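Because the structure is a prediction, the values reported are computed rather than measured. Computed from heavy atoms alone, side chains included, the values below leave out hydrogens, waters and symmetry copies.
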Amino acid sequence: MEETQKTGNLVFAVNGERFELPSVDPSTTLLEFLRSETCFKSPKLGCGEGGCGACVVLISKYDPKFKKVEDFSVSSCLTLLCSLNGCSITTSEGLGNTRDGFHSIHERFAGFHASQCGFCTPGLCMSLFSALVNADKGNKPDPPPGFSRLTSSEAENAIAGNLCRCTGYRPISDACKTFAADIDIEDLGFNSFWKKEDSKEIKVSKLPPYDPTKNFSTYPEFLKSESATNLDSSKYPWYSPVSIEELRSLLNSNVTENGASFKLIVGNTGTGYYKETQRYDHYVDLRHIPELSIIKRDQTGIEVGATVTISKFISVLKEESNINLGSYGKLVSQKLADHMEKIASPFVRNSASVGGNLVMAQKNGFPSDIATLLLGLSATVSLMTSHGPENLTWEELLSRPPLDSKTVLLSVCIPFKKDQSSHQTHSTFLFESYRAAPRPHGNALAYVNAAFQADVVHSKNGVLINNIHLAFGAYGTKHATRAKKVEEFLTGKLLSVYVLYEALKLVKLAVVPEDGTLHPEYRSSLAVSYVFEFLYPLTDVHSSISGGLLDGINDISDVEVSESSNNGCISQGRKQTLLSSSKQVVEFSTEYSPVGEPLKKIEAAMQATGEAVYVDDIPSPPNCLHGAFIYSTKPLAGVKGIQLEPNHLKDTTIITYKDIPTGGANAGAVSPFGSEPLFAEDLSRCAGDRIAFVVADSQRSADVAARTALIEYDTTNVDSPILTVEEAVEKSSFIQVPLSVQPAQIGDFSKGMAEADQKIHSAELRLGSEYHFYMETQTALAIPDEDNCMVVYTSSQCPENSQSMIASCLGVPAHNIRVITRRLGGAFGGKFIKAMPVSTACALAAYKLRRPVRIYVNRNSDMIMTGGRHPMKVTYSVGFKSSGKITALHLDILINAGITVDMSPIIPSYLINTLKKYNWGALSFDIKLCKTNLTSKTIMRGPGEVQGSYIAEAIIEHVASLLSIEVDSVRNENVHTFESLNLFYGNVVAEREYTLPSILDKLAVSSSFFQRSKMIEQFNQKNTWKKRGISRVPAVYLATQRPTPGKVSILQDGSIVVEVGGVEVGQGLWTKVRQMTAYALGSIESSWAEDLVEKVRVIQADTLSVVQGGPTNGSTTSESSCAAVKLCCNILVERLTPLKKQLQEKNGSVDWPTLIRQAQTQSINLAANSYYVPEFLRYLTFGAAVSEVEIDALTGETTILQSDIIYDCGQSLNPAVDLGQIEGSFVQGIGFFMNEEYLTNEDGLMVSNSTWTYNIPTIDTIPQNFNVHLVNSGHHEQRVLSSKTSGEPLLFLAASVHCATRAAIRAAREQLKRWDKLDKSVSEFYLDVPAILPVVKTQCGLDYAEKFLETLLARPPTCFK
């Protein structure tokens, strides 16, 4: 008799604490619950899509049957709370914390300087912890003490889906790999645990200990008795059927009657892609039906139930089977597992089901990889329909209309083919799968995916194709498709070059993306490349080629082809390379100790545990409401009204400009150049323009109300919008640049052009926008206070301006508004101007409703409204000598500033400042700021500077290509002499401080630049499909310091509180300030300095405590804050030194606590304020980078093999912090130059506004070998303790990756030229930014494979057989 399933309340544990919920909204996610109902704030909301990893937690489930605990990581933002009945949840605080002690994961992250802003760190820790827990359960040999059973590869893969915008990933990878048993400790990078000269044994002993046998239990004992209980559906609209029969009855019961809506649930990960705006009446959890969770694999094939998770499917496919699967079965298992590991990320695959993925593909057209794999493998599916069970092929199901809500996918069956080899025929089964995506290891949608299966017979005449299946997906069609005409053409034919060539023509006709698909030609070309890659090795042409008959053509040597006559199966292996070892050379001085020492970031371990408090971590006050912006989707239109959906009318309030109180102004943001309104009034002026602020009782309700709001537009009597810089010029729509910030021209352009041997006239390049992608989106909390006052917590780079804006909007004095900012989860310029309207809208709503109001802007809206980096169109004319020496340059630059002034007027001067890194002879320009109907562009790390530096490199590359000389020699020809440097930059540097020439020489040696250049030349001659390039690029950065306040207070016990104008955004400002405070106060007694570091606490920015804080930007606020603190400390030292002398004379010796106690009794003022105004506002920094890349000419994929950087940091205030800034900035630059495609629609509305469509760098896209040398260039009298900035300049050096990619493409084009298949110039081409896969492939030739075959076909037939 079947056991009756027990039912009860929702019970689970979080970090060992029991929770029982008698009722809960079934749509509540685990993240919502943790952040709103518990004290555990370490899981952060980064995207709400499962795309960033900030919210990762560990889920532990108990299986009472096998008495085992299963542990796995999940995205808590997608996981429904009701699905966790009987589960245990572990967050980063649960591993360790400041009170109970840190876990070794936290300590190692901190010690390897792997946390900067810290917002992503708890999620990274949990991804690693999940991998550790599961590795240590495995059957691998016992690791050495202090290590786990994890391998280096597994450690890196564990965090492959986690995003970090600050660190550049290298230190994170190193911290993770410290747990790997197979790591060579010498390969690990710079850290605070050991010295370089320590032995291996000492290094291991200094690591924070890790003992897996002493790990705390992830699953508390008290839960085991409740683990088999299902939710009581009479209390919750949540049903957990335990059989197919029960499911069928349920779907035909009153649950689905009278129009009641219901949702079938497994992992709920689909909501990360398809955002839900409706509430369901009922939820049906399919995971408890045994038939849906089966997974069988034998010699006939694989059967997998619909609720089996992708991770579980992969692990079963990887298992060694006791049953003989046959060669084909083994091959398919291996290929499926390898391919599926590139789908999403580990924490999504752990809960995403195979069936859910397929149903999304069938019903919604989701670009699924699994759908394509199954189509290529002739899979069949089982369904439960309202008419009964049904079995059909997956291909048939794809061709049907979308499944209705009562049809359930039960299972999928993949058949294995039987080996049929005999003495007469040697039949071989082939299977291969392919995908090209912005990120090679996954966590990105594919441009194209493919799965090919073939049955071929080897004979003396060649390879006969008996049967072939070619499936393609994700290329811009609703469903995966088979190229049947190609299959028919190939079936029964002997494979030859001619047959393959004709087949590729048919592939191009078969794989045609639908209208509106991005990069359609590239996608078709990719499909052709994959068929070529699959079949070309079977043509046997390579045997002739290797005999040297065809000069310059070789086999697909980079694709390993292994064939075994015994197993009748061909496997084409393409293994990804892991990050290699990296070197960090740090020259630091102890002259000003503890300043200059590589101390770890003070709050790093606390950030890792998740205890560091960001704005959204502050508990909501009673009666708190939540807001969301309603923004325009039209670029220029009248706004007649806003209509909320009927079910959102209750408990929501809409705030518009009409709610601004009398005496207040419609002001949302201000810059030194002007202001912008908080809300559009009668006219929306851009897509993304703020129209209203909707307030509801939860953030989700506010977001959904805003997303579903209908705006009534009126475009009558409205001019057509200006969306491009060309339209702005036509209509004379410009923003004026004040004379005070206009850059100066240099020399006589006409004279310079007259001296030139050759000229380029009116060449053009364009640069697009980039989104900041700070991990913490814009956020604020406004709390009404007594006497018409307001306390506002905001994630702002300039709290002072936020205070000013709020006061202006509310019509109250600024002293009524107290703005507090503790720390930011990243900013990069995006939280200077753009944070102001967020806090102002919150304050306005709180003022009107007399209740606290908070907002956490959802990622999609944040991306649309922030505006991003300035796009621009550049036209240049340049004159140069035959040697490559440039004599004159003129630029016409049109900068798209968007609709309001923001900080745009600084862009021209910043751009020219970095462009001046080369000696152009004469430099003239005409720069226009174009006012357009786009969201206002704003400052972003290296504003204008990254573009200026790149424009310089593009011009140098163009000159070199025209002269057909090495680009590096043209660069050297135009690097400044000391005299020309001061002509261009105005005498801001002394001769001995001009370190760029020596840096370039050092870098050439340390990176083996010239030797590698020769090796690359040889590599490119030998390889047809893979090409390499290398490039050396300099950077000159004009840093600007700003006045900054400081305040130092010494408390009764001798502990020290410091306040500064600068805000901690992850750049280590607090750490440097702490060191400076200890150093400066230590001048009373030098032996105290080291101990004083621990006594210093830097506290949050508070606009009513420290005034004139100014903005934190430009990467110089840390040093300015340190200078301000030093001034404060000098005052305190002056007050305390006489007392110290008195006490010494009296007692012989004195310690710090005694000195402070005595100072208190003698009423000495122990607080000091200062305002640091720099005597010298500007200075230059120098650096250079060499990068080497490898491109795949068939797919356009680019791999960064190595980057070497040397940077002059002066005497670094903290080399560990500066090293992190350098690596993080460089990788962010890689994003701009290589990865991040900023897409808008015809109305200028950003459409790549999610983690699915906007791809910042991940651990698999950074340099595999990443070497950084921090040069200490000695004393600089005009600097703060001889230090220099490090945050911005390295962004520019990432252009070395782009330039190296261009060199590799040039090698591919040279190949085409050798084949006589290139009509254009080999070297004269423009490589777009970002150089994403379609861009690289297009410049290599979309028909590269076809041209190769044409070359073969043009040769005499005797060449082949």
Side-chain angles (χ1 to χ4, degrees), residues 49 51 270 272-275 277 360-369 371-372 375 398-399 401-402 435-438 444-450 471-483 507-530 631-637 686-688 707 713 715 720-721 723-724 726-727 766 768-769 771 860-861 863-864 868 871 933-935 1195-1196 1235-1255 1328 1330-1338 1342-1343:
E49 299 174 332
Y273 191 78
Y274 298 105
K275 300 289 190 300
T277 54
M360 281 202 309
Q362 201 275 345
K363 288 177 79 166
N364 308 106
F366 178 71
S368 159
D369 282 78
T372 306
L375 186 60
L398 282 178
S399 66
R435 86 190 304 267
L445 293 175
Y447 290 107
V448 175
N449 51 45
F472 300 94
Y475 63 84
T477 182
K478 189 162 174 60
H479 296 132
T481 59
R482 276 176 54 194
V507 172
K508 196 166 263 187
L509 295 173
V511 180
V512 180
E514 292 173 1
D515 288 347
T517 302
L518 278 173
H519 314 299
E521 296 88 358
Y522 167 70
R523 292 173 194 255
S524 295
S525 167
L526 202 51
V528 169
S529 292
Y530 287 151
Y631 55 81
S632 171
T633 56
K634 301 287 183 190
L636 190 60
C686 66
R707 191 178 286 131
Y713 296 105
T715 53
S720 59
L723 297 175
T724 66
E726 290 85 355
E727 289 168 352
R766 290 176 183 267
S769 191
Y771 169 62
N860 311 121
S861 298
M863 295 182 84
I864 284 169
N933 295 108
L934 296 178
T935 45
T1195 64
N1235 304 115
E1236 297 172 40
E1237 194 177 18
Y1238 189 105
L1239 300 169
T1240 57
N1241 66 11
E1242 65 277 5
D1243 288 325
L1245 184 74
M1246 187 190 188
V1247 290
S1248 54
N1249 64 321
S1250 74
T1251 54
W1252 292 92
T1253 50
Y1254 193 86
N1255 296 291
D1328 285 334
I1332 54 174
L1333 278 71
V1335 167
V1336 173
K1337 170 73 172 147
T1338 300
L1342 291 172
D1343 49 1

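Shown here are the side-chain contact (heavy atoms from CB on, under 4.5 Å) partners of His519, two or more places apart in sequence or in another chain: Tyr447, Tyr522, Glu1237, Ile1332, Pro1334. Checked against side-chain hydrogen bond (donor to acceptor under 3.5 Å, both in side chains), Ser861 has the following partners two or more places apart in sequence or in another chain: Asn858. Residues satisfying the side-chain contact (heavy atoms from CB on, under 4.5 Å) criterion with Ala444, sequence neighbours excluded, are Ala437, Pro438, Arg439, Asn1255. Scored by the side-chain hydrogen bond (donor to acceptor under 3.5 Å, both in side chains) test, Ser368 finds Asn357 as partners (sequence neighbours excluded). Remark: Ala483 engages Leu470, Phe472, Val486, Ala510 in a side-chain contact (heavy atoms from CB on, under 4.5 Å) (not counting sequence neighbours). Every residue two or more places apart in sequence or in another chain that forms a salt bridge (Lys or Arg N to Asp or Glu O under 4.0 Å) with Arg482 is listed here: Glu395, Glu487. Considering only residues two or more places apart in sequence or on other chains, Tyr475 meets the ring-ring contact (aromatic ring centres under 6.0 Å, His included) condition with none of them. For Ser720, the side-chain hydrogen bond (donor to acceptor under 3.5 Å, both in side chains) test picks out Lys731, with sequence neighbours left out. Every residue meeting the side-chain hydrogen bond (donor to acceptor under 3.5 Å, both in side chains) condition with Thr633, not counting sequence neighbours, appears here in chain and number order: Tyr713. For Glu726, the side-chain contact (heavy atoms from CB on, under 4.5 Å) partners at least two apart in sequence or on another chain are Thr724, Arg766, Lys873. With sequence neighbours left out, Lys508 forms a salt bridge (Lys or Arg N to Asp or Glu O under 4.0 Å) with Glu1346.
Residue pairs meeting the side chain to side chain donor-acceptor pair (under 3.5 Å) criterion with at least one partner in residues 1241-1251, sequence neighbours excluded, are Glu49-Thr1251, Ser1250-Thr1253.
The minimum heavy-atom distance linking Pro520 with Thr517 is given by the pair CD-O, 3.3 Å. When all heavy atoms of Ala450 and Thr372 are compared, the closest pair comes out as CA-CG2, 3.8 Å. Contact between Pro721 and Pro635 at its shortest, heavy atoms only, is CG-CG, 3.6 Å. Residues Leu723 and Leu934 come closest through the heavy atom pair O-CD1, 3.8 Å. When all heavy atoms of Pro513 and Ser524 are compared, the pair lying nearest together is CD-OG, 3.4 Å.
Pro367 is listed as a side-chain neighbour of Tyr273, based on a closest heavy-atom distance under 4.5 Å. For the pair Lys634 and Thr715, the minimum side-chain heavy-atom distance is 4.5 Å or more. Residues Tyr530 and Asn449 fail the side-chain proximity criterion, which asks for heavy atoms closer than 4.5 Å. Between Lys1337 and Thr1195 the shortest side-chain heavy-atom distance does not fall below 4.5 Å. In this structure, the side chains of Met1246 and Thr935 stay at 4.5 Å or more apart for every pair of heavy atoms.
Arg523 places no side-chain N or O within donor-acceptor distance of the main-chain N or O of Val511, the cut-off being under 3.5 Å.
For the atom pair OG1 (Thr481) and CG (Leu375), the distance works out to 7.5 Å, reported to the nearest 0.5 Å. One distance of note links NZ of Lys478 with CD of Gln362; it measures 8.0 Å at 0.5 Å rounding.
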